[in-house]
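Reckoned from all heavy atoms, side chains included, excluding hydrogens, waters and symmetry mates.
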Amino acid sequence: MSFAKTLNLSTGASLRQIGLGTWLSKPKEVENAVEIAVRNGYRHLDLAAIYENQDEVGAALKKVIPSVVKREELFLTSKLWNSSHQPQNVEKELDTTLAQLGVDYLDLYLIHWPVSFAPGKGYYPPDPKKEGFVELDTVTSLVDTWKAMIALPKSKVRAIGVSNFSIEHIEAIIKATGVVPAVNQIEAHPLLPQDDLVAYAKEKGIHITAYSPLGNNCTLESIVIRLSLKELTRYTPLTVKDRPKLTDNAKVIEVAKKLNATPAQVLVAWGAYRGYSVIPKSVQEERIKSNFQQVELSKEDYEAITAIGKDNHTRFNIPYGYTPQWDVNIFNEPEEQTASTKPVLGI
């Protein structure tokens with residue numbers, strides 16, 4: 001085992017291959033997790049406005065900058081939420097994020113989803129015409145938002161990218177602007193390898209960051225523990241499906257025992273073997289530490305883990321299944337076929 005390797009973006013910036021995800025945690029958990037992570041070598045932190053905990057991350061950063069690390073030694077990623085896709089709102093939300101974090105700039109700013117919500121009505125504006133759905137903004141296009149991202153001051157954002165974008169979505173913004181995203185952050189694990197998208201990104205020089213590398217290592221019970229009933233009616237993030245956890249898979253456990261590693265380390269290593277960065281989430285000190293200890297898979301072990309996904313395609317994060325629902329077909333999955341809209345490309 002070794003500490004996380006460093007990878008380079010097309011911009012010339014570098015980031016650690018293993019980062020810390022900060023989604024879905026109890027109050028104060030993220031503050032503690034970020035401090036533990038940085039003190040134990042993490043330098044890549046993945047954040048987002050919608051996680052509603054960036055003030056906690058900011059509190060943790062105050063504890064470690066500059067006593068543990070210099071600001072320039074950290075790679076901070078955050079994301080523009082759907083309700084701020086309108087060009088006039090893009091820099092405003094960025095400024096709010098910077099204020100919450102207590103920093104002058106982000107290393108990477110992503111469009112969180114290829115979907116625009118109605119502005120000025122909260123993170124999940126209720127659709128007045130369809131009960132249980134979010135009100136979409138079908139006027140603002142991905143190209144409109146991407147142009148606003150491009151225009152952000154370099155003093156505030158060192159690199160820009162996207163998240164949950166398909167090849168079609170990325171092609172649209174490149175065609176319209178000529179500007180290639182530095183990063184596409186996607187759900188990726190053995191049940192959802194996204195080979196075509198990964199190959200396309202490599203061809204275009206787009207770095208891939210994989211979230212949910214452990215698959216559905218998140219049960220409905222764990223979500224309920226972390227969120228109040230009021231919050232659950234506001235949104236349900238990952239679609240919880242009736243599948244065994246990847247960390248409980250016999251082949252993952254077998255490889256883990258062989259390497260004297262944890263199942264989570266093996267799944268993180270599977271993503272790292274594919275050449276992209278991986279952002280496992282944890283708030284437990286021992287898991288935070290162990291996730292950062294990079295395990296090397298042999299080709300044989302990598303292929304054995306990859307085989308788990310054969311004829312077992314599973315995407316866990318599909319907003320059409322959220323509560324409230326997003327009436328939009330993003331990924332063209334079977335579950336999305338009854339959605340009445342698609343992302344507005346703008347070309």
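Residue H207 holds its NE2 atom at 10.5 Å from OG1 of T11, rounded to the nearest 0.5 Å. With values rounded to the nearest 0.5 angstrom, E168 atom CD is found 12.0 Å from I173 atom CD1. Rounded to the nearest 0.5 angstrom, K289 NZ and I36 CD1 are separated by 7.5 Å. To the nearest 0.5 Å, the span separating CD on E333 from OG1 on T314 amounts to 9.0 Å. Note: I308 CD1 to N249 CG = 4.0 Å, rounded to the nearest 0.5 Å. Separation of atoms CD1 (I186) and CG (L192) is listed at 7.5 Å; rounding is to 0.5 Å.
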Candidate pair V157 and L94, rule side-chain contact (heavy atoms from CB on, under 4.5 Å), full reasoning: CA-CA 9 Å; V157 176; L94 169 62; 3.4 Å; yes
side-chain contact (heavy atoms from CB on, under 4.5 Å) between S212 and F316, worked out: CA-CA 9 Å; S212 297; F316 293 99; over 6 Å; no
Let's go through T96 and Q100 carefully: what are the C-alpha distance in whole Å and the side-chain angles of both, what is the deciding distance for side-chain contact (heavy atoms from CB on, under 4.5 Å) to 0.1 Å, and is it a yes or a no? CA-CA 6 Å; T96 298; Q100 289 170 338; 3.8 Å; yes
Please assess Q17 against T6 for the test side-chain hydrogen bond (donor to acceptor under 3.5 Å, both in side chains), listing each intermediate value before the final yes or no. CA-CA 6 Å; Q17 189 166 29; T6 298; over 6 Å; no
Just do the salt bridge (Lys or Arg N to Asp or Glu O under 4.0 Å) check on K5 and E296 with the steps written out, would you? CA-CA 11 Å; K5 295 176 180 177; E296 300 282 348; 3.2 Å; yes
Evaluate side-chain contact (heavy atoms from CB on, under 4.5 Å) for L76 paired with L61, printing each intermediate quantity in order. CA-CA 11 Å; L76 302 180; L61 294 178; 4.1 Å; yes
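With hydrogens and angles ignored, the 3.5 Å screen pairs a side-chain donor or acceptor of D327 with a backbone N or O of S340. In terms of modelled atom types and a separation under 3.5 Å, the side chain of Q54 and the main chain of L47 share no donor-acceptor contact. In terms of modelled atom types and a separation under 3.5 Å, the side chain of E93 and the main chain of V90 share no donor-acceptor contact. When atom types are taken as modelled, the side chain of E203 and the backbone of A199 share no donor-acceptor pair closer than 3.5 angstrom. Checking side-chain atoms of W146 against main-chain N and O of V179 turns up a donor-acceptor pair under 3.5 Å. Side chain of D301 to backbone of L297: no donor-acceptor contact under 3.5 angstrom is found. Judged by distance alone, the side chain of T145 and the main-chain N or O of H85 form a donor-acceptor pair under 3.5 Å. In this structure a side-chain-to-backbone donor-acceptor pair under 3.5 Å is present from S290 to R287. No side-chain donor-acceptor contact under 3.5 Å links N53 to the backbone of E56.
Looking at Q185 and N164, their side chains never bring a donor and an acceptor atom within 3.5 Å of each other. Donor-acceptor pairing under 3.5 Å is lacking for the side chains of N32 and E29. No side-chain donor-acceptor contact under 3.5 Å links N184 and Y200. In this model, a donor atom of one side chain and an acceptor atom of the other lie less than 3.5 Å apart for T209 and S277. Checking W270 against T306 by side-chain atom types alone, a donor-acceptor pair falls below 3.5 Å. N317 and Y211 share a donor-acceptor pair across their side chains, judged by distance under 3.5 Å alone. Judged purely by distance below 3.5 Å, without hydrogens or angles, the side chains of N8 and S14 never pair a donor atom with an acceptor atom. Side chains of Y51 and K79: a donor-acceptor N/O pair is present below 3.5 angstrom, by distance only.
Exactly one residue among F133, Y320, W113, F331 makes a ring-ring contact (aromatic ring centres under 6.0 Å, His included) with W326. That residue is W113. The one candidate from N82, D137, D144 that meets the side chain to side chain donor-acceptor pair (under 3.5 Å) condition with S116 is D137.
No side-chain heavy atom of I288 sits under 4.5 Å from any side-chain heavy atom of N40. For the pair E171 and K204, the minimum side-chain heavy-atom distance is below 4.5 Å. Two residues are said to be in side-chain contact when any heavy atoms from C-beta on lie closer than 4.5 Å; P319 and V328 fail this criterion. Inter-residue side-chain proximity for L214 and L267 is flagged as met; some heavy-atom pair is nearer than 4.5 Å. Counting only heavy atoms from C-beta outward, the side chains of L98 and D104 never approach each other to under 4.5 Å. Put simply, the side chain of V278 reaches to within 4.5 Å of the side chain of P280, judged on heavy atoms. Between I330 and H169 there is a side-chain heavy-atom pair separated by less than 4.5 Å. Contact of the Q337 side chain with the N329 side chain is registered, since non-hydrogen atoms from C-beta on lie closer than 4.5 Å.
Following chains of ILVMFWY side-chain contacts shorter than 4.5 Å, one cannot reach L45 starting from L108, and the two form parts of different hydrophobic clusters. One hydrophobic cluster, built from ILVMFWY side chains closer than 4.5 Å, cannot hold both W81 and V139; they sit in different ones. If you chain together hydrophobic residues whose side chains sit under 4.5 Å apart, V57 and I65 fall into the same group. Linking Ile, Leu, Val, Met, Phe, Trp and Tyr whenever their side-chain heavy atoms come within less than 4.5 Å puts I167 and L345 in one cluster. Cluster annotation: I174 and L110 are assigned to distinct hydrophobic clusters (Ile/Leu/Val/Met/Phe/Trp/Tyr, side-chain heavy-atom contacts under 4.5 Å, transitive).
Around NZ of K130, the count of heavy atoms belonging to other residues, nucleotides or ligands within 6.0 Å exceeds 12. Dense packing is recorded around CD of E72, with more than 12 heavy atoms of other residues, nucleotides or ligands lying under 6.0 Å away. A 6.0 Å sphere centred on NZ of K258 holds more than 12 heavy atoms belonging to other residues, nucleotides or ligands. Other residues, nucleotides and ligands contribute more than 12 heavy atoms inside 6.0 Å of the CD atom of Q88.
A salt bridge links D195 with R274: the closest approach of a Lys/Arg side-chain nitrogen to an acidic carboxylate oxygen falls below 4.0 angstrom. The pair E73-R43 does not count as a salt bridge, with every side-chain nitrogen at least 4.0 angstrom from each carboxylate oxygen. A salt bridge links K28 to E31: at least one charged side-chain nitrogen sits closer than 4.0 Å to a carboxylate oxygen. Using a 4.0 Å cut-off between a side-chain N of Lys or Arg and a carboxylate O of Asp or Glu, E303 and K299 qualify as a salt bridge. Under a 4.0 Å N-O distance rule, the pair D95/K156 qualifies as a salt bridge. Looking at R71 and D107, a side-chain N of the basic residue comes within less than 4.0 Å of a carboxylate O on the acidic one, giving a salt bridge.
When every heavy atom of Y276 is checked against every heavy atom of A210, the shortest pair comes out as CE1-CB, 3.5 Å. Residue S166 comes nearest to L197 through the heavy atom pair C-CD1, 4.2 Å, listed as atom of the first residue, atom of the second, then distance. Pairing each heavy atom of L246 with each of P190, the nearest pair is CD1-CD, 3.8 Å.
Using cut-offs of 30° and 60° for the angle between ring planes, the Y124 and F117 rings count as tilted.
In this structure, R16 fails the cation-pi test against F75, since its NZ or CZ atom is not both closer than 6.0 Å to the six-membered ring centre and inside 45 degrees of the ring normal.
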